Amino acid sequence: MTDETQNTIAPQDENQIIAERREKLKKLREQGVAFPNDFKRCDMAGELHAAHDGKENDALEGSPIHVSVAGRMMLKRVMGKACFATIQDMSGRIQLFITADGTSAETLEAFKHYDLGDILGANGTLFKTKTGELTLRVTELRMLTKSLRPLPEKFHGLTDQEQKYRQRYLDLITNEESRKVFTVRSQVIQAIRSFLVGRGYLEVETPMMHPIPGGASARPFSTHHNALDMELYLRIAPELYLKRLVVGGFEKVFEINRNFRNEGLSTRHNPEFTMIEFYEAYRDYKYLMDLTEEMFRETAKSVLGHTVVQYQGHTINLGLPFDRLTIVESIQKYHPGKFSDEQLHDRKALIDTLKSLNAAYKPTDGVGGLQLSLFEETTEQLLIQPTFIIDYPAEVSPLARRSDSNPGITERFELFVVGRELANGFSELNDAEDQAERFMEQVHQKEAGDAEAMHYDADYIRSLEFGLPPTAGEGIGIDRLIMLLTDSPSIRDVILFPQMRPE
RNA sequence: GGGUUGUUAGCUCAGCUGGUAGAGCAGCGGACUCUUAAUCCGUAGGUCGACAGUUCGAAUCUGUCACAGCCCA
């Protein structure tokens, strides 16, 4: 805690319900330890269902199975001398049956004053109700944590988007779908990690605080290191450090972690977001495209069990080979007969076309850059099925290797799904002198006012001068991939605590 | 940044062309020994996002601001 934080202000939203619950807590304190931590939970709701749902009641009651469960009370049905409650743990829900016969008159009476949201621990034996629901006949019931605030409405849960983002804990308590999204998120990352580790990759961690922000075109967050009295930048990409590691002889490396970009917020952008970047020596961008297809397929299969994904009304088939098109090919494929070869390769014609479409472009761009602007204006959003766009112009790819047949373009691709960029990869530029020149071009652009242009990184050039083997490298936007696999319309739905303006 | 919609009880939502607020859930009290969003009876709970303005009178009309959702850049 710093002395600047002012989070000690008492909550302003006390109400009658909270006051009554505080009163109940006060009584608990008077009776002894109000927040005990000696209850031994041995069983999970989900595992109990998996193990015993198939059994008949006679079998369950014939040879009693003693279990102890704990969790948050989500439903409560008091009926005189027999009460039901549903508690929820990380694995699911299970019903409790509480009677004075099974426990004691005192326990039953105490239970009647428990509130939805309280954390309970219960011991007992399993049985099945008339309707066949696996239920715990409670012999012992304990209040483990008193909840002071009322939960959202038990049927609708929390529906207000803003509150779901600001108070994610409430969203997770009440909405099964939200829990599912973040469970899938964890599984996707684990699947990708296994995929690469299984291919001999080394997982590494490189700095998140950079003296020179590099590896992407974006505006950084800046901060200050007091002891060193120097400016530092939160990284916009780990790329240059990972390639230094390849220089060092770690020929297959990957890193999964946060990048930070000081830009606007949208349904596709959060200022901090998760990327995986991976680099493999003696490979090229074509290999990466094959590897990416395989990675997407294996990940979808292992997490979802299939490779056909429903996303916001679209059916995305990750099982089919991904289309691979140059920028010009994609424009022509998605607008048949509309743009001639001549039109797409003549600078003046491109500018006229962009003007007529009222599209954004840089007047200083060459043919390649203008083609890219036209692609972004007309075609990008039409790439619903997975599509690699290949051969990006060198002028917008300062870290990518030039094509041997055409030095104006690079051995680079971006992967689009549902009109969104999911991945960006290329054969790495390992010519130190070419890289130095490209950095200089970036510096000139920065001086000309382009805040997103790159800095000159002398140490990175020095590392290249020792020799970076021919290498292929790629970054995948993990949040956007998870949006796709969880049918989530906003990046905020797949980030546990998305950036919000202060309340 | 622009457009648009929203903000009413802890939650989910009503509230017509202005006459100082209503339901369900949750809560409290009561009934009920197989309920499933349990049911039934009773009861309490609100500076209607904030600030101005119009009006005898504003949750409602107007303006500004705040935050959010969606669309666009």
Side-chain angles (χ1 to χ4, degrees), chain A residues 11-25 27 45 49 57 60-61 72-88 92-105 107-109 111-118 124 126-138 146-171 173-176 263-270 312 354 357-361 373 376-377 380-381 419 488-493 498-503:
Chain A
Q12 298 296 301
D13 56 347
E14 293 284 311
N15 61 38
Q16 187 191 0
I17 295 175
I18 294 176
E20 278 162 359
R21 290 188 177 206
R22 283 194 194 281
E23 200 53 39
K24 290 178 184 177
L25 174 60
K27 285 197 180 121
H49 282 295
N57 185 51
L60 289 169
E61 304 232 62
R72 191 181 297 276
M73 181 161 67
M74 302 304 292
L75 295 169
K76 182 188 177 192
R77 294 178 285 276
V78 174
M79 295 173 307
K81 299 188 178 67
C83 302
F84 288 92
T86 301
I87 63 167
Q88 174 173 291
R93 292 181 169 196
I94 192 157
Q95 183 168 259
L96 308 181
F97 182 60
I98 303 127
T99 60
D101 301 344
T103 59
S104 65
T107 301
L108 181 68
E109 188 53 32
F111 169 77
K112 288 182 181 177
H113 298 283
Y114 288 177
D115 292 300
L116 294 185
D118 290 345
L126 293 173
F127 76 107
K128 280 200 166 174
T129 62
K130 276 181 189 169
T131 54
E133 179 169 351
L134 188 70
T135 301
L136 187 64
R137 190 186 304 281
V138 173
K146 182 67 197 167
S147 172
L148 294 176
R149 288 177 178 269
L151 288 178
E153 208 247 10
K154 66 188 175 189
F155 184 60
H156 297 92
L158 193 63
T159 63
D160 183 72
Q161 280 296 337
E162 183 179 351
Q163 272 201 76
K164 281 162 69 89
Y165 298 148
R166 287 191 195 277
Q167 295 176 256
R168 183 68 84 185
Y169 40 88
L170 269 187
D171 180 35
I173 289 170
T174 56
N175 295 321
E176 166 84 39
E263 292 162 356
L265 291 78
S266 79
T267 51
R268 275 157 297 177
H269 300 86
N270 195 64
Q312 305 290 301
L354 286 162
L357 292 169
N358 207 13
Y361 67 96
S373 296
E376 286 170 354
E377 176 69 22
E380 185 176 314
Q381 69 274 16
S488 299
S490 170
I491 197 169
R492 289 181 157 182
D493 297 323
Q499 192 62 49
M500 303 286 282
R501 283 195 168 79
E503 285 179 79

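Keep in mind it's a predicted model, so treat the numbers as computed, not measured. So that the names make sense, note that chain A is the first sequence line, chain B the second, and so on, each numbered from 1.
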Student: How many whole angstroms separate atom CG of A:D171 from atom P of B:U12?
Tutor: 11 Å

Student: Just to confirm, is there a sub-4.0 Å distance from OP1 or OP2 of B:U36 to any side-chain nitrogen or oxygen of A:Q95?
Tutor: no

Student: Could you work out the separation of B:C56 and B:G24 based on their P atoms and round it to a whole Å?
Tutor: 38 Å

Student: Starting at CG of A:L265 and ending at P of B:C70, how long is that distance when rounded to a whole Å?
Tutor: 12 Å

Student: Please name all residues satisfying side-chain hydrogen bond (donor to acceptor under 3.5 Å, both in side chains) with A:T103, sequence neighbours left out, ordered by chain then number.
Tutor: none

Student: Under 4.0 Å from OP1 or OP2 of B:G45: is there any side-chain N or O of A:N15 that close?
Tutor: no

Student: Taking atom C1' in both B:U55 and B:A44, what distance in whole Å separates the two?
Tutor: 35 Å

Student: Provide, to the nearest angstrom, the distance between the CD atom belonging to A:E176 and the C1' atom belonging to B:A37.
Tutor: 16 Å

Student: Pick the C1' atom in B:U5 and in B:G49, then give their distance to the nearest Å.
Tutor: 15 Å

Student: Would you indicate which nucleotide in B:C11, B:C13, B:A38 comes nearest to any side-chain atom of A:P152?
Tutor: B:C11

Student: Side chain of A:L75: nearest nucleotide among B:A38, B:G10, B:C34?
Tutor: B:A38

Student: Whether the side chain of A:H49 engages the backbone of A:R93 through a donor-acceptor N/O pair (distance < 3.5 Å, no angle test) should be reported.
Tutor: yes

Student: Would you confirm whether A:D171, through its side chain, and A:L158, through its main-chain N or O, come within 3.5 Å as a donor-acceptor pair?
Tutor: no

Student: Would you mind reading off the distance between A:E377 atom CD and B:C72 atom P, rounded to a whole angstrom?
Tutor: 12 Å

Student: Without decimals, in angstroms, what is the distance between A:Y361 OH and B:A73 P?
Tutor: 17 Å

Student: Over how many whole Å does the gap from A:R166 atom CZ to B:C67 atom C1' extend?
Tutor: 6 Å

Student: Output all residues satisfying ring-ring contact (aromatic ring centres under 6.0 Å, His included) with A:Y361, sequence neighbours left out; order by chain, then residue number.
Tutor: none

Student: What is the distance from CZ of A:R268 to P of B:C70, rounded to the nearest Å?
Tutor: 11 Å

Student: For A:T174, is there any backbone N or O sitting under 3.5 Å from a side-chain donor or acceptor partner on A:K154?
Tutor: no

Student: What does the B/S/- profile of nucleotides 22-32 of chain B look like, 5' to 3', with a 4.0 Å heavy-atom cutoff to protein?
Tutor: --BBBSSS--B

Student: Determine the contact category for A:T267: base if any of its heavy atoms lies under 4.0 Å from a base atom, sugar-phosphate if only primed atoms, P, OP1 or OP2 are that close, otherwise nothing.
Tutor: sugar-phosphate

Student: Would you say the side chain of A:T159 and the base of B:U12 hold a donor-acceptor pair, judged only by whether the two atoms sit under 3.5 Å apart?
Tutor: no

Student: Going by ring-ring contact (aromatic ring centres under 6.0 Å, His included), name the residues that satisfy it together with A:Y165, two or more places apart in sequence or in a different chain.
Tutor: none

Student: What's the gap between B:G22 and B:U47 when it is taken at their P atoms, as a whole Å value?
Tutor: 15 Å

Student: Can you tell me if NZ on A:K27 sees more than 12 non-hydrogen neighbours from other groups inside 6.0 Å?
Tutor: no

Student: So A:R501, base contact, sugar-phosphate only, or nothing? Heavy-atom distance under 4.0 Å.
Tutor: sugar-phosphate

Student: Take atom C1' in B:C13 and the same atom in B:A37, then report the distance between them in whole Å.
Tutor: 16 Å

Student: If the cut-off is 4.0 Å, is A:R77 near the phosphate of B:U39, judged by side-chain N/O to OP1 or OP2?
Tutor: no

Student: Between A:L158 and A:E133, which residue's closest nucleotide on RNA chain B lies nearer the 5′ terminus?
Tutor: A:L158

Student: Any chance you could encode RNA chain B as dot-bracket? Rule is Watson-Crick or G-U wobble with both distances under 3.5 Å; [ ] for pairs crossing earlier ones, | for another strand.
Tutor: (((((((..((((.....[..)))).(((((.......))))).....(((((..]....)))))))))))).

Student: Provide the distance between the two C1' atoms, one in B:A66 and one in B:G30, to the nearest whole Å.
Tutor: 45 Å

Student: Expressed in whole Å, how much space separates the C1' atoms belonging to B:U60 and B:U17?
Tutor: 11 Å

Student: In plain terms, say whether A:K81 and A:D101 are close enough for a salt bridge, that is, a side-chain N and a carboxylate O under 4.0 Å apart.
Tutor: no

Student: Counting any heavy atom closer than 4.0 Å, what does A:R93 reach on the DNA or RNA strands: base, sugar-phosphate only, or nothing?
Tutor: nothing

Student: A:D160 near the nucleic acid: base, sugar-phosphate alone, or nothing, with a heavy-atom cut-off under 4.0 Å?
Tutor: sugar-phosphate

Student: Kindly write out the residues that satisfy salt bridge (charged side-chain N to carboxylate O under 4.0 Å, His left out) with A:E20, not counting sequence neighbours, or none if the list is empty.
Tutor: none

Student: So, A:Q88 side chain and A:I173 main chain: donor-acceptor pair closer than 3.5 Å or not?
Tutor: yes

Student: Suppose you measure atom P in B:A50 against the same atom in B:A21; what distance do you get, rounded to whole Å?
Tutor: 16 Å

Student: Using a 4.0 Å heavy-atom cut-off across all strands, classify A:G264 as base, sugar-phosphate, or nothing.
Tutor: nothing

Student: Regarding A:P489, tell me which of base, sugar-phosphate or nothing describes its non-hydrogen contacts under 4.0 Å with the strands shown.
Tutor: nothing

Student: Would you mind reading off the distance between A:I94 atom CD1 and B:C34 atom C1', rounded to a whole angstrom?
Tutor: 16 Å

Student: Tell me whether A:R22 contacts the main-chain N or O of A:L148 through its side chain, where contact means a donor paired with an acceptor under 3.5 Å.
Tutor: no

Student: Should A:L170 and A:P152 count as side-chain neighbours, where that means a heavy-atom distance under 4.5 Å?
Tutor: yes

